[in-house]
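Here, residue 1 is the first one in the sequence, and each next residue gets the next number. Just so it is clear, the model here is predicted, and its values are computed rather than measured.
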Amino acid sequence: MTLTLENYRVAEELVERRDPLGALRVLEPVLEDERDNVAVQQLAGRAYFLSLQLRRAEATLRRVVELDPCDAWATHALGRTLERAGRGTEAAPYLRLAAAMNPEPEYTAAAAKYAD
């Protein structure tokens, strides 16, 4: 099964409207087939994070970072996921790396919590 552009846009709209579970209902049937699709995996990672499915968010965001190591958003989101799971020591390198890749205020503030 493949994800159509229309279904992707519906899932994206649901995430934007803070309905991550609705987005996941659209995405989950195709996640395995779209395992190498960075955009689909990133959207699923956002939905898992927003719905507090932290283990799934972690696994999905690790996949995004593996596929695209230069993705500052995914690196930051992975760090935030680990932080939310109470694993600040593991989160710190991802948050610092994201801030180094993209020094926007949200990223630098998150990294500053773990400054040495």
Chemist: Apply side-chain contact (heavy atoms from CB on, under 4.5 Å) to Ala39 and list each qualifying residue two or more places apart in sequence or on a separate chain.
Modeler: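 Testing Ala39 for side-chain contact (heavy atoms from CB on, under 4.5 Å), a comparison that skips the adjacent residues, returns Tyr8, Asn37.
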Chemist: Hydrophobic cluster membership, with links at side-chain heavy-atom distances under 4.5 Å among I/L/V/M/F/W/Y: are Leu61 and Leu82 in one?
Modeler: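 Same cluster.
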Chemist: Who passes salt bridge (charged side-chain N to carboxylate O under 4.0 Å, His left out) against Glu28, sequence neighbours left out?
Modeler: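 Partners of Glu28 under the salt bridge (charged side-chain N to carboxylate O under 4.0 Å, His left out) test: Arg56.
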Chemist: Which other residues end up in the same hydrophobic cluster as Met101, if Ile, Leu, Val, Met, Phe, Trp and Tyr are linked when side-chain heavy atoms come under 4.5 Å apart?
Modeler: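 Members alongside Met101: Leu97.
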Chemist: Which residues satisfy the salt bridge (charged side-chain N to carboxylate O under 4.0 Å, His left out) test with Arg62, sequence neighbours excluded?
Modeler: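 Result, salt bridge (charged side-chain N to carboxylate O under 4.0 Å, His left out) vs Arg62: Glu58.
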Chemist: Can you tell me how far apart CD (Gln42) and OG1 (Thr60) are? Round to the nearest 0.5 Å.
Modeler: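 Nearest 0.5 Å value for the CD-OG1 distance: 11.5 Å.
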Chemist: If you look at every heavy atom in Leu31 and Ala44, which pair is closest and at what distance?
Modeler: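 Heavy-atom minimum between the residues: CD2-CB, 3.7 Å.
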Chemist: Not counting sequence neighbours, list each pair that qualifies as a ring pair (Phe, Tyr, Trp, His ring centres under 6.0 Å) and has a residue in residues 15-50.
Modeler: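 Those involving residues 15-50 do not exist here.
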Chemist: Do we see a donor-acceptor contact under 3.5 Å between the side chains of Thr4 and Glu6?
Modeler: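 Their side chains do not contain a donor-acceptor pair, so the 3.5 Å distance test is not met.
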Chemist: List the atom pairs, donor and acceptor, that lie under 3.5 Å between side-chain atoms in residues 72-80 and the rest of the protein, sequence neighbours left out.
Modeler:
residue, atom, partner, partner atom, Å
Thr75, OG1, Asp71, O, 2.9
Arg80, NH1, Glu83, OE1, 2.5

Chemist: Would you list the atom pairs, donor with acceptor, under 3.5 Å between side chains in residues 13-26 and any protein atom, with sequence neighbours excluded?
Modeler:
residue, atom, partner, partner atom, Å
Glu16, OE2, Arg46, NH2, 2.6
Asp19, OD1, Gly22, N, 2.9

Chemist: Identify the heavy atoms of Ala11 and Leu43 that sit nearest to each other, and give their distance.
Modeler: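 Closest heavy-atom pair between Ala11 and Leu43: CB-CD2, 3.8 Å.
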Chemist: Under the side-chain contact (heavy atoms from CB on, under 4.5 Å) rule, collect the residues that match up with Ala85, sequence neighbours excluded.
Modeler: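 Result, side-chain contact (heavy atoms from CB on, under 4.5 Å) vs Ala85: Leu54, Arg87.
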Chemist: Give me the other members of the hydrophobic cluster that Leu5 sits in, counting Ile, Leu, Val, Met, Phe, Trp and Tyr linked by side-chain heavy atoms under 4.5 Å, directly or via other members.
Modeler: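 For Leu5, no cluster forms, as it stays isolated from other hydrophobic side chains.
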Chemist: Remaining members of Leu52's ILVMFWY cluster at a side-chain heavy-atom cut-off under 4.5 Å?
Modeler: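 In the cluster with Leu52 there is nothing else; it is isolated.
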Chemist: Please give me the minimum heavy-atom distance between Glu90 and Pro93, naming the atom from each residue.
Modeler: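 Closest pair (atom of Glu90, atom of Pro93, distance): O-CD, 3.3 Å.
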Chemist: Output every pair passing salt bridge (charged side-chain N to carboxylate O under 4.0 Å, His left out) with a member in residues 99-111, not counting sequence neighbours, ordered by first then second residue.
Modeler: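 Every candidate salt bridge (charged side-chain N to carboxylate O under 4.0 Å, His left out) pair involving residues 99-111 fails, so no pair, neighbours aside, qualifies.
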Chemist: Under the side-chain contact (heavy atoms from CB on, under 4.5 Å) test, which residues partner Leu67, sequence neighbours left out?
Modeler: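 side-chain contact (heavy atoms from CB on, under 4.5 Å) check on Leu67 returns Asp36, Val38, Arg63.
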